[in-house]
Amino acid sequence: HVGKSPQPEGWASFANMRLFCIQMPGFFTLAGFSLAQSMGPAPKSILKFVLARLSPLFPMYLVSLLLLSLNLLVTCNPSTFDSAFHWEAQPNDLTRGHFCEPAPLLKDWGSSLVTTWVVFIFGLQAWPFAWPFSWWLSSYAWFSSVYYFALFCYPYIYTQLLKLRGKKRPLLGVLAVLMFLQCVVITGFWAPFELGFPDRYKPGGTSPPVDSQTDWANWYTLGYYLFPPLWLPTFTGGILSAFLFDAYRPYVERGVGTGAKVVRSSTQSRVGRTLTRVVPVQRIARLGSDGKWKKYFHGYVWGWITDAMTLVLISLAIITIVTPENLRPDSVPDGDKQGIRTFGAVMSRIYVPIMAFWLYAMAVGRGFTVWLFSRPLVLDVLAPASYNIYLFHQWTGQMYWLITRNEMWSYWRYRKDIYWFSPYPVPVDWW
């Protein structure tokens, strides 16, 4: 969210990583695994469970909203308010000075401000009944809204899976159901978008765009991406991953005629957080003519797998940066911001199994990747601060731009060519 993307002075081709946007599916998978990994008793009270999980997070969330509200009022007040709402950026956004427009379904400044505070304080910004009545006060905190919903669902999901603890086949059956639901989510995102809005605005399109289709495509793309229930297959996959990890126990070394030996490293409980929808392969090649299995995967073999998957993910990222046109369908040309956003969201779900298998392997606690991520800088400094960094990085970007450029990086001046929850990144040069 920092750095200009247009050629030639910005991040340039690094903006293509939009098609490799795996961080949010990874967060929800990771969240589900970390909640379930202790295999404790099921929560008895949903409300008490949710309050216990939110109590360390919510105060800093409110502080971030307060700071962002102060910055908002500098650029968006009755004297700068324009009652004409637009779904997309306008040619004079950067030249007209500070200004703001109402929430999509409102007309005045006061009601937009009040409903924005209500929506964000109660964490409703990802819901389609709420965001049309709100500004994007904290552009990147929509994940909090989805996470709150996931926390309310967790006790029921965990209770049902607890009945299947240690039962490998039923757990694999649940895995198959989740994979199917994830395919439904992906198909439901892309197919209606592609088939339902053929005459939306596309650069170089063969037919004139229809404004109403462009507007409805904005509604659909943003609403579908944020809708909390559609993130449940990913979150539930994280919970299920903990049960599969508990059932298969890849950190246990076994040999024919020998006992079991735990080979978990000291970093396992601190670094590994998830597996997902990929069934863990438990045994390797047959050795000897008797055809019996002689070995199981050992901890060090999972270390090799972890490092191999690290290379796979790095390779996919490089391919995405260098040749994004080979990943997009012909219906999404260069400059089609709406199509690229939608297809990027679809690709992020497609990459989830690959990334999650990497996280599952990391949970064993072996390999160079685990060693790197278990360094004190990561574990003791960056990891504890990660949530606050995410909450405050928008405000930090605004303050940096204000101090160095004497102007505010605001949503409306730097809004995208489509209606989205975030503006363009802080437009600084990459160096």
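Note that the coordinates shown come from a computational prediction; the quantities given were computed from them, not determined experimentally. Throughout, residue positions are numbered sequentially from 1 according to the sequence presented. These numbers come from the heavy atoms of this one structure, side chains and all, not from hydrogens, waters or symmetry mates.
- Side-chain rings of Phe99 and Phe81 stay apart, their centers remaining 6.0 Å or farther from each other.
- Remark: aromatic rings of Phe243 and Tyr158 are close, center separation under 6.0 Å.
- The disulfide (SG to SG under 2.5 Å) analysis of residues 42-78, with sequence neighbours excluded, yields the pairs Cys76-Cys100.
- Residues Trp409 and Tyr400 place their aromatic rings such that the two centres sit no closer than 6.0 Å.
- In this structure, Phe189 and Tyr225 have tilted ring planes: the angle between them lies in the 30° to 60° band.
- Ring geometry for Tyr154 versus Phe235: interplanar angle over 60°, hence perpendicular rather than tilted (30 to 60°).
- The closest donor-acceptor contact from the side chain of Thr75 to the backbone of His98 lies at 3.5 Å or more, if one exists at all.
- Ion pair Arg415/Glu88 not flagged as a salt bridge, since none of the NZ, NE, NH1 or NH2 atoms sits closer than 4.0 Å to an Asp/Glu carboxylate oxygen.
- Aromatic ring centroids of Tyr419 and Phe85 lie under 6.0 Å apart.
- Aromatic pair Trp117/Trp135: centroids not less than 6.0 angstrom apart.
- Two rings, from Trp136 and Trp420, have their centers 6.0 Å or more apart.
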Hey, mind stepping through Thr310 and Thr369 against side-chain hydrogen bond (donor to acceptor under 3.5 Å, both in side chains) and telling me if it holds? CA-CA 7 Å; Thr310 300; Thr369 304; 2.7 Å; yes
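- The six-membered or imidazole ring of Phe58 lies near that of Tyr61, with a centre-to-centre distance under 6.0 Å.
- By the 6.0 Å contact criterion, CZ on Phe122 is open, its count of non-hydrogen atoms from other residues, nucleotides or ligands being 12 or less.
- Outside the 6.0 Å centre-distance limit, the rings of Phe28 and Tyr147 are not counted as a close aromatic pair.
- Smallest separation of non-hydrogen atoms from Phe133 and Phe129: CD1-O, 3.5 Å.
- Proximity of the aromatic rings of Trp142 and Trp231 is defined here by a centroid distance below 6.0 angstrom, and this criterion is met.
- Taking OG from Ser241 and CG from Leu171, the interatomic distance works out to 11.0 Å, rounded to the nearest 0.5 Å.
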